[in-house]
Amino acid sequence: MVPSGSTLLRPGIIALRGLKRSGNQNYKGHGLSKGKEREQRASIRFKTTLMNTLMDVLRHRPGWVEVKDEGEWDFYWCDVSWLRENFDHTYMDEHVRISHFRNHYELTRKNYMVKNLKRFRKQLEREAGKLEAAKCDFFPKTFEMPCEYHLFVEEFRKNPGITWIMKPVARSQGKGIFLFRRLKDIMDWRKDSRSSDDQKDEIPVENYVAQRYIENPYLIGGRKFDLRVYVLVMSWSGHGRCNVHLTNVAVQKTSPDYHPKKGCKWMLQRFRQYLASKHGPEAVEALFSDMDNIFVRSLQSVQKVIISDKHCFELYGYDILIDQNLKPWLLEVNASPSLTASSQEDYELKTCLLEDTLHVVDMEARLTGREKRVGGFDLMWNDGPVSREEGTPDLSGMGNFVTNTHLGCINDRSNQLRQLFRSLQSQKKASS
């Protein structure tokens with residue numbers, strides 16, 4: 001069984017930009033065959049170029065039919081390069097869905113993510129005070145290079161001897177990352193970034209972020225680890241839903257019992273039990289509440305800049321590090337997290353993740369939109385925090401309020417889904 005580990009968020013209303021039919025002959029339409037309404041469709045035509053767990057899940061989904069080459073599709077799990085080249089030239093019918101928002105990079109490029117978080121923190125401090133703004137203090141001190149080089153040097157000299165980490169803003173999987181403690185360690189990079197104007201026209205300078213290195217990470221078996229959290233965002237509109245699916249993966253390859261074939265990834269349930277045995281349930285509850293805060297605040301920080309479109313959803317990959325004080329730190333957010341399995345256990349986990357993602361995307365139009373849980377998903381935010389208790393919660397004091405998340409808790413996912421769809425089917429029969 002996969003333990004519950006997901007969160008549905010619904011930020012407030014922002015401006016929408018929907019795709020409109022155009023007379024431009026360069027536009028290509030999708031989902032334009034007869035039977036436009038989702039509930040009237042006999043089958044769902046899907047397309048993807050990813051040959052991994054995703055393809056297996058899509059091919060095994062009842063009523064879904066694979067489309068190749070230039071065929072018409074209703075559901076496209078595309079890559080970001082297709083999005084850049086085709087999104088603005090594609091007309092999509094009402095029911096069609098694709099797997100990225102137009103400017104997802106506001107959250108996934110390291111420099112943009114930090115810029116938006118800093119701006120949001122200043123906004124909170126101005127509107128709600130320093131205590132509320134402090135809830136955004138979950139990312140290490142960061143500077144964009146080379147444009148903030150002088151600010152970085154000023155901060156560097158205030159704290160001599162500490163370790164910093166340099167990360168290219170647009171690369172992933174650890175490529176281009178290096179640590180340093182002395183300014184001269186980055187002088188070669190600095191010289192390269194100050195090339196002549198003619199050279200700059202030919203070869204753009206690669207931007208980096210310089211980030212304070214977290215030197216007191218929590219260790220298991222003497223080894224570092226991080227959390228990979230998958231975040232499914234369905235809409236940035238107040239009329240849609242942001243769905244955050246926490247994968248329950250905790251320990252990565254740095255674990256002492258890592259095996260190149262079997263891998264080493266813990267379910268979040270096991271990780272939570274381990275922490276509770278060491279630190280007690282109250283400390284662990286506080287840690288997981290702080291993680292919930294990261295998902296809410298980071299999404300709110302880009303809510304006003306992300307272009308919302310009813311055709312789009314996004315599965316983000318959050319990387320979170322825990323320090324020795326049980327404080328969670330947001331390291332980065334990935335736009336195209338790996339869906340390739342490293343072991344049989346990882347394959348089963350990602351299969352459940354993707355099946356639940358498709359349940360929430362709901363191309364079959366089976367859900368009512370009022371569900372608090374769908375498989376491994378919990379509704380956490382609905383124009384405000386969602387309570388575990390039924391009914392409208394009293395938010396005036398927030399004293400007894402408990403958010404509707406069950407990260408790392410046991411969840412009989414198969415039974416939950418079976419009961420959910422059986423109930424929905426009964427409701428449909430009763431109303432017909």
Asks: Side chains of Cys136 and Leu124, heavy atoms from C-beta outward: is any pair under 4.5 Å?
Replies: yes
Asks: State whether the side chain of Asn103 and the backbone N or O of Val305 hold a donor-acceptor pair below 3.5 Å, judged by distance alone.
Replies: yes
Asks: Ring centroids only, cut at 6.0 angstrom: are Phe421 and His359 within range, meaning strictly under it?
Replies: yes
Asks: Can you tell me if Leu131 has over 12 outside heavy atoms packed within less than 6.0 Å of its CG?
Replies: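 12 or below, so no.
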Asks: Going by heavy atoms in the side chains, are His95 and Ile44 under 4.5 Å from each other?
Replies: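 No, side chains not in contact.
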Asks: Should the pair Arg272 and Phe288 be classed as cation-pi, given the thresholds of under 6.0 Å to the six-membered ring centre and 45° from the axis?
Replies: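 Judged by the rule, Arg272 and Phe288 form a cation-pi pair.
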Asks: Could you walk me through whether Phe271 and Ile220 pass side chain to side chain contact (heavy atoms under 4.5 Å, CB included), step by step?
Replies: CA-CA 10 Å; Phe271 177 61; Ile220 295 180; 4.0 Å; yes
Asks: Report the residues that fulfil salt bridge (charged side-chain N to carboxylate O under 4.0 Å, His left out) with Arg59, sequence neighbours left out, ordered by chain and then residue number.
Replies: Glu66
Asks: Distance-only, no hydrogens or angles: does the Asp362 side chain make a donor-acceptor pair with backbone N or O of Leu367 under 3.5 Å?
Replies: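 Confirmed, Asp362 side chain pairs with Leu367 backbone.
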Asks: Kindly indicate whether a cation-pi arrangement holds for Lys115 with Tyr105, taking the cut-offs as under 6.0 Å to the six-membered ring centre and within 45° of the axis.
Replies: no
Asks: First locate atom CG of Leu107, then atom OG of Ser301, and finally report the distance between them rounded to the nearest 0.5 Å.
Replies: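 Leu107 CG to Ser301 OG: 6.5 Å, rounded to 0.5 Å.
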Asks: Can you confirm whether Lys304 sits close enough to Arg119 that some side-chain heavy atom of one is under 4.5 Å from a side-chain heavy atom of the other?
Replies: no
Asks: Would you say that more than 12 heavy atoms from the other residues, nucleotides or ligands in this model lie under 6.0 Å from the CD of Glu282, or not?
Replies: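 No - once you tally the heavy atoms of other residues, nucleotides and ligands closer than 6.0 Å, there are 12 at most.
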Asks: Going through the distances and angles, do Phe46 and Leu54 end up as a side chain to side chain contact (heavy atoms under 4.5 Å, CB included)?
Replies: CA-CA 11 Å; Phe46 75 86; Leu54 173 66; over 6 Å; no
Asks: Before you tell me yes or no, could you show the steps for Phe101 and Glu106 under side chain to side chain contact (heavy atoms under 4.5 Å, CB included), namely the whole-Å CA-CA distance, both residues' side-chain angles and the distance that decides it to 0.1 Å?
Replies: CA-CA 10 Å; Phe101 288 94; Glu106 292 286 351; over 6 Å; no
Asks: Considering all heavy atoms of both residues, which atom of Cys78 and which atom of Ser99 are nearest to each other, and what is their separation?
Replies: N-OG, 2.9 Å
Asks: Donor-acceptor pair, Glu371 side chain versus Gly369 backbone, under 3.5 Å?
Replies: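 Yes.
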Asks: Write down the atom of Asp137, the atom of Lys327, and the distance for their closest heavy-atom approach.
Replies: O-NZ, 2.7 Å
Asks: Tell me which pairs pass side chain to side chain donor-acceptor pair (under 3.5 Å) where either residue lies in residues 46-58, with sequence neighbours left out.
Replies: Asp56-Tyr347
Asks: Counting only heavy atoms not in Lys118 (residues, nucleotides, ligands), do more than 12 fall under 6.0 Å from its NZ?
Replies: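 Enclosed.
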Asks: Is a side-chain donor or acceptor of Asp290 paired with a backbone partner of Pro328 at a separation under 3.5 angstrom?
Replies: no
Asks: To check you understand the geometry: which heavy-atom pair defines the closest contact between Phe377 and Thr357, and what is its length?
Replies: CE1-N, 4.0 Å
Asks: Are side-chain heavy atoms of Glu355 and Arg413 found at a separation under 4.5 Å?
Replies: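 Answer yes - side chains close enough.
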Asks: Can you check whether Phe313 and Phe75 have ring centres sitting under 6.0 Å from each other?
Replies: yes
Asks: Between CH2 of Trp82 and OH of Tyr76, what distance do you get to the nearest 0.5 Å?
Replies: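 Trp82 atom CH2 to Tyr76 atom OH measures 6.5 Å (nearest 0.5 Å).
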Asks: Tell me whether the rings of Phe156 and Trp164 are parallel (<30°), tilted (30 to 60°) or perpendicular (>60°).
Replies: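 If you compare the ring of Phe156 with that of Trp164, the planes turn out tilted.
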Asks: Check whether Gln416 reaches the backbone of Gly375 with its side chain - one donor and one acceptor, N or O, closer than 3.5 Å.
Replies: yes
Asks: Please round to the nearest 0.5 Å and tell me the distance separating atom CZ of Arg228 and atom OG of Ser338.
Replies: 7.5 Å
Asks: So which atom in Phe143 and which in Glu155 form the shortest heavy-atom distance, rounded to 0.1 Å?
Replies: CZ-CB, 3.6 Å
Asks: Okay, side chain of Asn207, backbone of Glu144: is any donor-acceptor separation there less than 3.5 Å?
Replies: no
Asks: Within the structure provided, determine whether Trp77 and Leu315 are in side-chain contact (heavy-atom separation under 4.5 Å).
Replies: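 In short, these two side chains touch, coming nearer than 4.5 Å.
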Asks: Does Arg182 CZ have over 12 foreign heavy atoms under 6.0 Å away?
Replies: no
Asks: Take Asp185 and Arg181 through the salt bridge (charged side-chain N to carboxylate O under 4.0 Å, His left out) test and state the conclusion after the steps.
Replies: CA-CA 7 Å; Asp185 293 338; Arg181 287 187 176 181; over 6 Å; no
Asks: Would you indicate whether the side-chain heavy atoms of Leu321 and Leu330 approach each other to under 4.5 Å?
Replies: no
Asks: Give me the atom names and distance for the closest heavy-atom approach of Met234 to Val361.
Replies: CE-CA, 3.5 Å
Asks: I'd like to know whether Tyr112 forms a side chain to side chain contact (heavy atoms under 4.5 Å, CB included) with Val169, so could you lay out the CA-CA distance, the side-chain angles of the two residues, the decisive distance to 0.1 Å, and finally the verdict.
Replies: CA-CA 9 Å; Tyr112 291 169; Val169 300; over 6 Å; no
Asks: Is there side-chain contact between Lys350 and Val57, with at least one heavy-atom pair below 4.5 Å?
Replies: no
Asks: Would you give the length of the straight line joining atom CD1 of Ile165 to atom OH of Tyr213, rounded to the nearest 0.5 angstrom?
Replies: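 The OH atom of Tyr213 is 6.5 Å from CD1 of Ile165, to the nearest 0.5 Å.
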Asks: What's the spacing between Thr108 OG1 and Tyr318 OH if we round to 0.5 Å?
Replies: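 Separation between the atoms: 10.5 Å.
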Asks: Working to the nearest 0.5 Å, report the span between CZ of Arg61 and CG of Leu358.
Replies: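 Here the interatomic distance stands at 4.5 Å.
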Asks: Is there a donor-acceptor pair under 3.5 Å between the side chain of Asn111 and the backbone N or O of Val209?
Replies: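 Answer holds: no.
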Asks: Between Asn159 and Ile162 (side chain of the first, backbone of the second, donor and acceptor by atom type, cut-off under 3.5 Å), is there such a pair?
Replies: no
Asks: Would you say that Leu287 contacts Tyr218 through its side chain, given a criterion of any heavy-atom pair below 4.5 Å between the two side chains?
Replies: no
Asks: Measure across Pro168 and Lys110 and return the closest heavy-atom pair with its distance rounded to 0.1 Å.
Replies: O-NZ, 3.2 Å
Asks: Counting distance only, does the side-chain N/O of Glu314 pair as donor-acceptor with the main-chain N or O of His104 below 3.5 Å?
Replies: no
Asks: Could you tell me whether the side chains of Asp346 and Ser342 share a donor-acceptor contact shorter than 3.5 Å?
Replies: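 The answer is yes; a qualifying pair exists.
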